[in-house]
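Written below as C-alpha cells is the structure these notes are about.
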Amino acid sequence: MVKFCTKTCLFILPKTSYHQLQTQSFIPFSVRQEQKILESRLVSVLHGCTHINQVKQAHAHIFRKGLEHCCFVLAKLLRTLTKLDVPMDPYPRLVFQQVEYPNPFLWTALIRGYALQGPFMESVLLYNSMRRQGIGPVSFTFTALLKACSAALDVNLGRQVHTQTILIGGFGSDLYVGNTLIDMYVKCGCLGCGHRVFDEMLDRDVISWTSLIVAYAKVGNMEAASELFDGLPMKDMVAWTAMVTGYAQNARPREALEVFERMQAAGVKTDEVTLVGVISACAQLGAAKYANWVRDVAEQSGFGPTSNVVVGSALIDMYAKCGSVEDAYKVFERMEERNVYSYSSMIVGFAMHGLAGAAMELFDEMLKTETKPNRVTFIGVLTACSHAGRVEQGQRLFAMMEECHGVAPSEDHYACMVDLLGRAGRLEEALNLVKMMPMNPHGGVWGALLGACRIHGNPDMAQIAASHLFELEPNGIGNFILLSNIYASAGRWDDVSKVRKLMRVKGLKKNPGCSWVEGKKGIIHEFFAGDMSHPKSREIKQALEDLLDRLMYLGYQPNLSSVAYDISDEEKKRLLMSHSEKLALAFGLLTTNAGCTIRIVKNLRICEDCHSVMCGASQITGREIVVRDNMRFHHFRNGRCSCDNFW
DNA sequence: TTAGGGTTAG
C-alpha cells in the first residue's frame with residue numbers, strides 16, 4: 001500500500017481532480033480520514049468568521065489546500081456569507097459557479113442565500129436549474145424555498161412548493177419541512193392552512209406548536225394560543241416566551257406577567273427575548289413598582305441594561321412610560337452600546353414628557369455618532385417640537401429629513417406636522433398640508449387635525465376632519481366623543497345630540513373614565529368616574545372638597561366647558577368633582593407621605609378642569625404629581641405642568 | 001435547515 005503525507009497529497013493533486021478524489025474508492029482510507037479532518041477544521045474556521053475579510057482569508061486557505069471544489073466546505077462558506085449578510089452577487093454566486101460538480105447541499109446553500117436576501121425568485125430559478133440537471137433536493141432545499149415564499153409573501157408559490165414536497169421523495173412528512181410550511185402559511189396570512197399542516201403532521205415537536213401559538217397571538221386570538229399552549233407537552237423557553245410576548249403585544253399586560261410568573265415557577269430559564277416581553281408588559285402597566293422589579297429580574301438573569309442593548313432600550317421606553325424620564329436617562333447614560341432603538345426610545349421619552357430641549361440635544365448628539373436616525377427617531381423629534389410649540393424648528397426638520405438623512409416622510413410624519421401646525425393654532429395651514437400630501441391621509445392625520453380643533457375650538461373644521469375619520473375608523477369611539485365635546489364647548493347642543501345619536505345607532509359605547517394611583521407599598525388603587533365603592537370614599541370626597549376650597553380661595557373656578565352635557569351649572573360642577581383622576585389625586589394626597597410623588601394613570605385624556613386642579617394642587621401641597629393620560633405625561637410641579645397647558 | 005424580541009404620531 002502506498003503511503004504518503006496527506007497534506008502533500010492534497011497539495012499535489014490537480015485542482016480539477018477533487019471530484020475524482022471523492023468518487024475513487026482506491027484512495028487509501030487514512031488519506032480520506034485526513035481529508036475529512038481537514039474539511040471539518042475548515043468548516044469550524046468558517047463558523048467562527050465574523051467579517052467578510054475573514055471568510056476571504058479562509059477561502060484562500062481552501063484554495064491552498066486544493067479544496068476549492070469541496071462542496072461540504074464551500075456550502076459552509078456560502079452559509080457563512082449569508083449569515084454575514086454579504087450580497088449574493090457577485091461573491092457567493094461566483095464561489096458556486098466555480099465548482100464543477102455542485103452537490104445538493106451546495107445548491108441549497110445558494111438557494112437559501114437568495115431566500116434570505118432576495119431577489120427571492122432567484123431561489124426558485126435556481127431550484128429549477130438544479131432539477132433540470134437531475135439533482136435531487138434534500139429536505140432543507142424545501143425549507144429554503146419556503147423561506148423565499150414567506151419573504152415574498154407569495155402563498156401561491158408556497159402551495160406549489162408544498163405540492164413538490166409531497167411529490168418528491170416524501171419530504172411532506174419531514175419535521176423541518178412541516179414546521180417551515182406552518183411558518184410559510186402563517187407569514188402569508190393563511191393561518192387556517194398552517195393549522196391544517198399542523199393537524200396533518202405525523203411528527204410534531206415544540207417548534208411546530210410554538211409556530212402556531214405565535215400565529216394565533218399575532219392575530220390577537222390569545223384564547224386559541226393559550227389552548228394550544230396548555231396542550232403542549234414539553235414547554236421550552238421559546239414557547240413560554242411566545243405566550244408572554246403574545247399577551248404583551250395584545251395589550252394584556254397583567255396576563256403577560258402571570259404567564260411569566262408561571263414560567264419562573266416551572267424553573268424555565270429567562271433570556272433577553274423573554275425579558276423584552278416582560279418589560280413591555282410593565283411599560284403598559286405604567287407602575288414604578290413593576291418597573292424596578294423587572295429591572296432587578298433583568299440584572300439577576302444576566303441581561304442587565306448596561307451590557308445588553310436590546311434590554312437597555314426596552315427599559316428606557318418602560319421607564320419613560322412609567323413616568324420616570326430620569327430613570328430612563330440613567331439607563332441610557334450607562335449603556336455600553338447604543339443603537340437607533342436606544343436613541344429613539346430616549347428621544348421619544350423626552351418628547352412624551354414635554355422635554356423638547358433635551359430631545360433635540362440628544363438628536364444632535366446622535367447625529368455626531370455613526371447611528372443613523374430612522375422614521376421613529378423623526379417622529380420623536382417632530383413630536384417634541386409639536387408639544388413645545390417649536391413650529392419653525394419642526395418645519396426645518398421635516399424639510400431636511402429625506403434630503404439629509406434619507407428618511408422619506410410617511411403618513412405618520414405628516415400627522416406630526418399637522419399636529420405641530422394645528423396645536424400652534426395654524427389650522428388652515430394644517431388643512432392645506434393635508435390636502436397637499438403625496439399619499440392618502442390616514443386616521444392619524446385627520447385625528448391630529450381634530451385634536452387641534454378641540455384645542456382651538458373650531459367646530460367647522462372639526463366636522464371636516466371627523467367626516468374623514470368616521471369613514472377611516474368607523475368604530476373609533478374617541479373620534480365621536482371628541483367631535484361631540486367640540487360641539488358642546490361651542491354650545492352647539494343640537495350637533496352634540498346628532499353625534500350621540502349616531503353613536504347609539506352604531507352601538508358605540510363610551511369607555512368609563514378610570515384612573516389608577518399607587519398607594520402605600522406600591523398597591524394600585526382603581527377609581528372610576530363617580531365611583532364611591534372605595535372603602536375610603538368618604539374621606540376621599542372630603543379631602544377633595546377641602547382641596548378645591550383652598551384652590552378656589554386662590555382664584556380657581558371650575559371649568560364648566562369641560563363638561564359635554566347640556567345640564568345646569570350645578571350639575572356640571574358635581575360631574576367635574578367626580579372625575580376619576582381627581583378621586584385618585586385626593587386618595588394619593590390622603591395616603592402617601594408628604595414629599596412623595598403622586599403617580600396617576602388615566603385611560604382617557606385628562607380634561608382641562610382636572611388639569612388646572614392638578615396644577616393648583618402641586619402648588620399648594622408642594623407635591624410633584626405625574627399624570628399619564630392616554631396621550632402623554634403631565635408633570636405638575638409648583639403650579640406648572642411640563643406640557644405648558646398645551647396638550 | 002424549523003419557533004419567541006426593542007422605539008411610532010391624533
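Throughout, protein chains are lettered first and strands after them, A, B, ... in sequence-line order, and every chain is numbered starting at 1. This is a predicted model, so every value here is computed, not measured.
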May I ask you to verify if any side-chain N or O of A:Lys147 is less than 4.0 angstrom from the OP1 or OP2 atom of B:dA3? yes
Mind checking if A:Leu469 touches a base, just sugar-phosphate, or nothing, with heavy atoms under 4.0 Å? base
Among B:dG4, B:dG10, B:dG6, the one nearest A:Tyr341 by side-chain distance: B:dG6
Charged N to carboxylate O below 4.0 Å: is that the case for A:Arg338 and A:Glu333? no
Rounding to a whole Å, what distance do you find between A:Met401:CE and B:dT8:C1'? 12 Å
Result block: side-chain N/O donor-acceptor pairs under 3.5 angstrom for residues 469-479 of chain A, not counting sequence neighbours:
{"residue": "A:Glu473", "atom": "OE1", "partner": "A:Asn479", "partner atom": "ND2", "Å": "2.9"}

Could you tell me how the ring of A:His195 sits relative to the ring of A:Phe198: parallel (under 30°), tilted (30 to 60°) or perpendicular (over 60°)? perpendicular
Separation between OG of A:Ser386 and CD1 of A:Ile379, rounded to the nearest 0.5 Å: 12.5 Å
Short side-chain N/O contact to B:dG10 OP1/OP2 from A:His387, under 4.0 Å: yes
How is A:Asp317 classified with respect to the nucleic acid when contacts are heavy atoms under 4.0 Å: base, sugar-phosphate, or nothing? sugar-phosphate
Compare the minimum distances between each of B:dA3, B:dT1, B:dT8 and the side chain of A:Phe140, then state the nucleotide with the smallest one. B:dT1
When only distance counts, do a donor and an acceptor, one from the side chain of A:Thr180 and one from the base of B:dT2, lie under 3.5 Å apart? no
With sequence neighbours left out, what residues match A:Ser410 under side chain to side chain donor-acceptor pair (under 3.5 Å)? A:Arg375, A:His413
Students often get this wrong, so: under 4.0 angstrom with heavy atoms, is A:Glu411 touching a base, only sugar-phosphate, or nothing? nothing
Heavy atoms under 4.0 Å, any strand shown: does A:Asp174 hit a base, just sugar-phosphate, or nothing? nothing
Evaluate the side-chain proximity of A:Arg112 to A:Lys147: yes if any heavy-atom separation is below 4.5 Å, no if none is. no
Are A:Glu299 and A:Arg295 close enough for a salt bridge, meaning some N to O gap below 4.0 Å? yes
Checking all strands, does A:Ser211 fall into the base, sugar-phosphate, or nothing category for heavy-atom contacts under 4.0 angstrom? sugar-phosphate
What nucleotide, of B:dT7, B:dT1, B:dG6, holds the atom closest to the side chain of A:Arg112? B:dT1
Interface with DNA chain B, restricted to residues 231-242 of chain A and to heavy atoms under 4.0 Å: A:Asp236, A:Met237, A:Val238, A:Thr241
Side chain of A:Ser139: nearest nucleotide among B:dA9, B:dT1, B:dT7? B:dT1
Any side-chain N or O of A:Lys321 below 4.0 angstrom from OP1/OP2 of B:dT8? yes
Winner on side-chain proximity to A:Val273, out of B:dT7, B:dT8, B:dG4, is B:dG4
Compare side-chain N and O positions of A:Gln249 against OP1 and OP2 of B:dG5 and report whether any pair is under 4.0 Å apart. yes
Under 4.0 Å between a side-chain N or O of A:Arg605 and OP1 or OP2 of B:dG10? no
Check this for me, if you would: do A:Arg196 and A:Asp199 make a salt bridge, where the nitrogen-to-carboxylate-oxygen distance has to be below 4.0 angstrom? no
Grab the CE-P distance between A:Met243 and B:dG4 for me, whole Å please. 15 Å
Is any side-chain N or O of A:Asp271 under 3.5 Å from a base N or O of B:dG4, one able to act as donor and the other as acceptor? yes
Can you check the A:His162 NE2 to B:dT2 C1' distance for me, whole Å? 15 Å
Atom pair distance, as rounded to whole Å: CZ in A:Phe350 and C1' in B:dA9: 19 Å
Can you find an N or O donor on one side and an acceptor on the other, under 3.5 Å apart, linking the side chain of A:Ser345 with the base of B:dT7? no
